[in-house]
Amino acid sequence: MEIHPPSAPAPVSDPSSVPAGSLLRGLNPEQYEAVTLPHVPALILAGAGSGKTRVLTTRIAWLLQTGQMSPGGVMAVTFTNKAAKEMLTRLSAMLPVNVRGMWIGTFHGLCNRFLRAHWKVAGLPQAFQILDSSDQLSAVKRVIKGMNLDEERFVPKQVSWFIAGAKEDGKRPGDVAIHDGQTQKLVEIYQAYEDQCQREGVVDFAELMLRTYELMRDNAPLREHYQRRFGHILVDEFQDTNRLQYAWLKMFAGPQCSVLAVGDDDQSIYAFRGAQVGNMADFEREFRVQHIIKLERNYRSCGNILDAANHLIGHNSRRLGKNLRTEAGPGEPVRVQESASDYSEAQWILEEAQQLHRQGMARREIAILYRSNAQSRVIESALFNAGIPYRVYGGLRFFERAEVKHALAYLRLIENCNDDTSYLRVVNFPTRGIGARTLEQLQDAARSSGRSLWQSVGAVGGKGGGNLVAFNQLIDSMRNETRGLTLREIIEVMLQRSGLVDFYRTEKEGADRIENLEELVNAAEAFVTQEGFGKDAVALPVDELAPGSMAEGLPRAVAAVDLKPDAETGEIMSPLAAFLTHAALEAGDNQAQAGQDAIQLMTVHSAKGLEFDAVFITGLEEGLFPHENSANEPDGLEEERRLMYVAITRARQRLYLSFSQTRMLHGQTRYHIKSRFFDELPETALKWLTPRTQGFGSGFARDYQAAWQRGSGLQSMVGAGQQPYRTPAPPPPMPTRSPTEVGGQRFKAGMSVFHTKFGEGVIVTLEGSGTEARAQVNFGRHGPKWLALSVAKLTIVE
DNA sequence: TCGTAGAGTGTTTTT
DNA sequence: CACTCTACGA
C-alpha cells in the first residue's frame, strides 16, 4: 500500500502568524493543515503522541466558529466513552457551544441515541434494554439449553463469539454461509437467540450497530434525512473499526459529507476482535481521499524512546509508512533489565519505582505494563507487601459487579418485566424457595407458548408456582410504589423491597457489597444531575425534538422521531430507563480509590491512549511477549509488534524493558528466553542494567549450567555488585526440569533442530520435564509448533 | 436449596 | 497457582 502525497499542497498560511486567542494558535504546520482542511474526505495518519485529539477537537471548534457548520451537522465518533468525554470537555473549553445537541459519542452510544429516537421503525419496544457481554452470554446459554444442545459441542462463549462476529460482519442468520453441520447448527442457535432477544425486548452491543445500519440502509427517507444532516463526520481511532462500523459510516456519510478519519495503522492492536486495518486503505480508495496528512511530530517521548519505537515497528511489513520524530533531545537511554525469576523481576521493579518516587516522580506517573493479566499477580504482591499504593486496571468494573447487576436486574424488571435474563438473575435472589425444578417448568411453559417467563408464571402449579406469583407481585408492587418518585428514591425502595440490602447485611463479606449498592444510589444521583433528568429534560437529543431543528419537516410517516411520552409525566424517556441504558453502555470505573496517587498496573492493551513519565514493560520473553498463541494467527507476530510499539510509545521520559529467565505460569515454572523484540531495537538507545548474556537463545541454558556448576545458581547471573536484591528463595533446582535434560537429549532454546516432517527449525521455548517435556519450535515454512519431546523425533542440527 | 469437593482452564477487550 | 463451573450429598 502506498500513500500519495496530497495532490495539491494545501495553501497553508504560516501557522506562526496566527493571532493570539485564535483556536489555531500553537498548531504545527501539519496539525494546522488538518484542522483547516477543505470540505472533502481526508485521512490523518496520527502517530502516537502527535496531538490527534487536539486536531479533532480543534477542527470541530473551527468548523463551528467559522460558521461552516452548525452543531447539529457534526458527528464525531470514538470507541470509548473516555475518548468521547475528553472530546466534549475540550470542545466546551474552546467554544461556548451546546454539546448536548451534537452527535459526539461512541459508536454504540450514537446507535443507542438513534434507536431510542426511531424505536418504532426499528422494531423495538420503546424501553428496550441493552445486554452487556455477560448478559449476552447467559442469554446464549439459555438458548443452547432450550434447544437441548450439547454444551460441549456448542461452547456458549464460542457461540456468543460466533454471533457477535456474524453481526459485526453485517450478517443475519440467513446471510451466514453454511459449510457444514456445525455451522448449520450455529446459525440455528443464532436465529433462536435473535428471536429470544426480540421477544424480550433486549439488544446486545453488536445489535445496536447492526440494527442502526440496517434501518439506515432500508429506510430511504430516514437515510436521506441523516445524510443531509451530517456535513462532517470525524472518526477517531479509525484503524480499530470493524466491517460493520465501516459500512455504518458509509451509510451516514452522504454525498455532501466530508469524513475525516484519524488513525494509526501502527497502533492497530484489536484485529483479534474484528478490527480491520484494511479499512484505512479502503477508505482512501472508496472515498477518493485526496488529502492524507501525516502527523509525525511527537510531543510526548524523548529521542531514545522514539528511536526504539521507530526501529521496532520498522520490522513490520504492510505499513502505511510513518516515522515519529521529536525536537526534544535524546533524553535518557532505554534501560534493560534481566532477572532470574518473575519474583525478582517484581522486586526490582518496585525498588526502581520507589527510587523514581523518591526523586520526585508522582506514583501515578509510573506505569507497569504486561502482556497478559496473569502477570500482574507477582507484581501486585510485591507492591502490596512493600506497602506501596498501586492501582490495577482491568478486572470487574462497577456496573459489572454481582451485587450491582442484581440491583440493576430488579430495576430492569420494573421497567420491562419481559426481560427474562434479569428475571432469571433475581427471581430467586435472595432465595424465595424457587428452585431449579420450578424454573425448569417455568421455562418450558414460556418456551412452548412463546411468551416471557413473567407471562408464564400461571402455568406452574404447586408451591413453586405460588412463589413465582409472589415474586411477580413483588415486582408489580415495586413498580406501583415507585411511580412518580425520583430515580434515587426508586433505587432506595427497590433495595429495601427486594431484600438485597437485608441479604448482604447478614453475609460475612457483605459490607463491601452494601457499600457498592450505596454507590449505585450515588451514581444514579450523579447521572440525574449531570444529564439534567431532574426536571423536564428528556433523554432524546434536543435537536431531534425542537421545532426548527433539522428533524422538522421530515415526513411523519417514516417517523423520524417516534415520540411516545409517558401519559402522566409527559416524559419521553423515564430517568430510570435512561439510567439503565447508561449502566449498560458505560460500565464505569473499576476502582473507587481512583483519586489516590498510586502506581498504575495494566495490560499493554489498556494502556493504549495513555502516557506516563516512566513505563516498565515487563515479561519481555518469547512465548509471553510476543505471546505464543499469536504465532498461530496470520499476522499474529505483526500485531504483537504493534502492541510492543504501543507499549514503548507510552513513555515520556524513562522506559524500562524487563524480562525474566523463569516464570511461574499456570502453577508451573517455565523457562524463557528473552523476547525477539530486543533484537529489533537499536543498540545505541539501550542501556543494559544487567550484564548481557551473550548469544541469546543458547545463551541462557549454557550460562545457567555454568552458573549452577559454580554452585551459585541463577543469582550469580544477575550481576554481582548490583543492588542487594535479596532474591528470595533460590531458583527452583533447574536440573530436575532442565531443558538440557529434556528427552534425554541436550536441547536448548535457540538451537537448530531437524524434524522428519517439518524440516529444520529453531527451538523457541522449552518447558516441562520427562514425558511432559515439550518444545515450541519455529519451522520456517510450517511456522511454530508445539512438540512433545517424548514423541517428536528431533535431531540437533550442528 | 445450599455448600463444597473435584475437574477443568488458562491472551489481549470496549461497547 | 487461582479461578470458575459442575456434580453430588446433606
Side-chain angles (χ1 to χ4, degrees), chain A residues 77-84 105-112 130-137 141 151-152 155-157 161 164 167-168 203-210 212 236-237 240-242 244-245 268-275 342-343 369-378 380-381 393-397 399-400 402 428-439 463-464 467 581-588 590 602-609 619 623-633 636 639-640 642-644 646-647 663-670:
Chain A
V77 59
T78 65
F79 278 85
T80 64
N81 290 304
K82 203 174 150 201
T106 63
F107 276 104
H108 299 270
L110 295 182
C111 287
N112 175 58
I130 298 165
L131 300 183
D132 70 14
S133 10
S134 70
D135 295 333
Q136 195 207 359
L137 187 65
K141 275 186 190 158
E151 287 206 10
E152 305 261 288
V155 185
K157 255 205 196 109
W161 179 85
K167 288 188 182 183
E168 280 163 10
V203 296
D204 61 36
F205 289 132
E207 186 70 26
L208 285 170
M209 292 285 321
L210 184 54
T212 302
D236 190 19
E237 305 275 19
D240 287 339
T241 51
N242 62 31
L244 179 56
Q245 284 157 338
S268 159
I269 55 172
Y270 285 111
F272 73 92
R273 65 170 199 221
D342 49 352
Y343 190 96
L369 310 184
Y370 33 81
R371 173 68 237 266
S372 63
N373 284 305
Q375 289 165 251
S376 75
R377 186 148 263 114
V378 224
E380 273 186 74
S381 67
Y393 281 74
L396 274 197
R397 301 213 304 277
F399 287 116
E400 294 166 352
N428 197 38
F429 191 93
T431 47
R432 302 188 171 88
I434 298 169
R437 225 178 26 258
T438 308
L439 287 177
K463 191 156 163 277
N467 290 337
T581 294
H582 166 80
L585 285 177
E586 208 170 328
N590 66 334
M602 65 192 84
T603 64
V604 180
H605 280 94
S606 29
K608 186 168 161 221
L624 253 192
F625 201 178
H627 198 279
E628 53 207 12
N629 293 4
S630 71
N632 307 319
E633 281 153 41
E639 178 140 323
E640 294 288 309
R642 291 193 290 268
L643 200 48
M644 180 66 183
V646 167
R663 186 173 295 276
M664 196 67 161
L665 215 62
H666 311 326
Q668 257 199 327
T669 306
R670 300 204 350 178

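Lettering follows sequence order; numbering is per chain, from 1.
Heavy atoms of A:Y270 sit under 4.0 angstrom from primed sugar atoms or phosphate atoms, though from no base atom. Residue A:L110 is out of contact with every strand shown, counting any heavy-atom pair closer than 4.0 Å.
Toward the 5′ end of DNA chain B lies the nearest nucleotide of A:G433, the other residue of the pair A:G433 and A:N373 mapping further downstream. Each of A:S630 and A:R437 was matched to the nucleotide of DNA chain B holding its nearest heavy atom; the match closer to the 5' end belongs to A:R437.
Here A:H627 lies parallel enough and close enough to stack on the base of B:dT11, with planes under 30° and ring centres under 5.5 Å apart.
For A:N428, counting side-chain heavy atoms from C-beta on, the closest listed nucleotide (B:dC2, B:dT15, B:dT11) is B:dC2. For A:T80, counting side-chain heavy atoms from C-beta on, the closest listed nucleotide (B:dT15, B:dT12, B:dT11) is B:dT15. Nearest to the side chain of A:T603, among B:dT13, B:dT11, B:dT15, sits B:dT13. Closest approach to the A:T431 side chain among B:dT15, B:dC2, B:dT12 is made by B:dC2 (side chain taken as heavy atoms from C-beta onward).
Look at A:R397 and you'll find a side-chain N or O under 4.0 angstrom from OP1 or OP2 of B:dT14.
On a pure distance criterion of 3.5 Å, a polar donor-acceptor pair joins the side chain of A:S133 and the base of B:dT15.
Looking at A:H627, its side chain does come within 3.5 Å of a backbone N or O of A:N629 through a donor-acceptor pair.
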(message) Working note: A:H605 + A:F272, criterion side chain to side chain contact (heavy atoms under 4.5 Å, CB included); need CA distance, chi angles, decisive distance, verdict.
(response) CA-CA 12 Å; A:H605 280 94; A:F272 73 92; 3.7 Å; yes
When you compare the protein's N or O atoms with those of nucleotides 3-5 of chain C, which come within less than 3.5 Å of each other, and at what distance?
{"residue": "C:dC3", "atom": "OP1", "partner": "A:R377", "partner atom": "NH2", "Å": "3.1"}

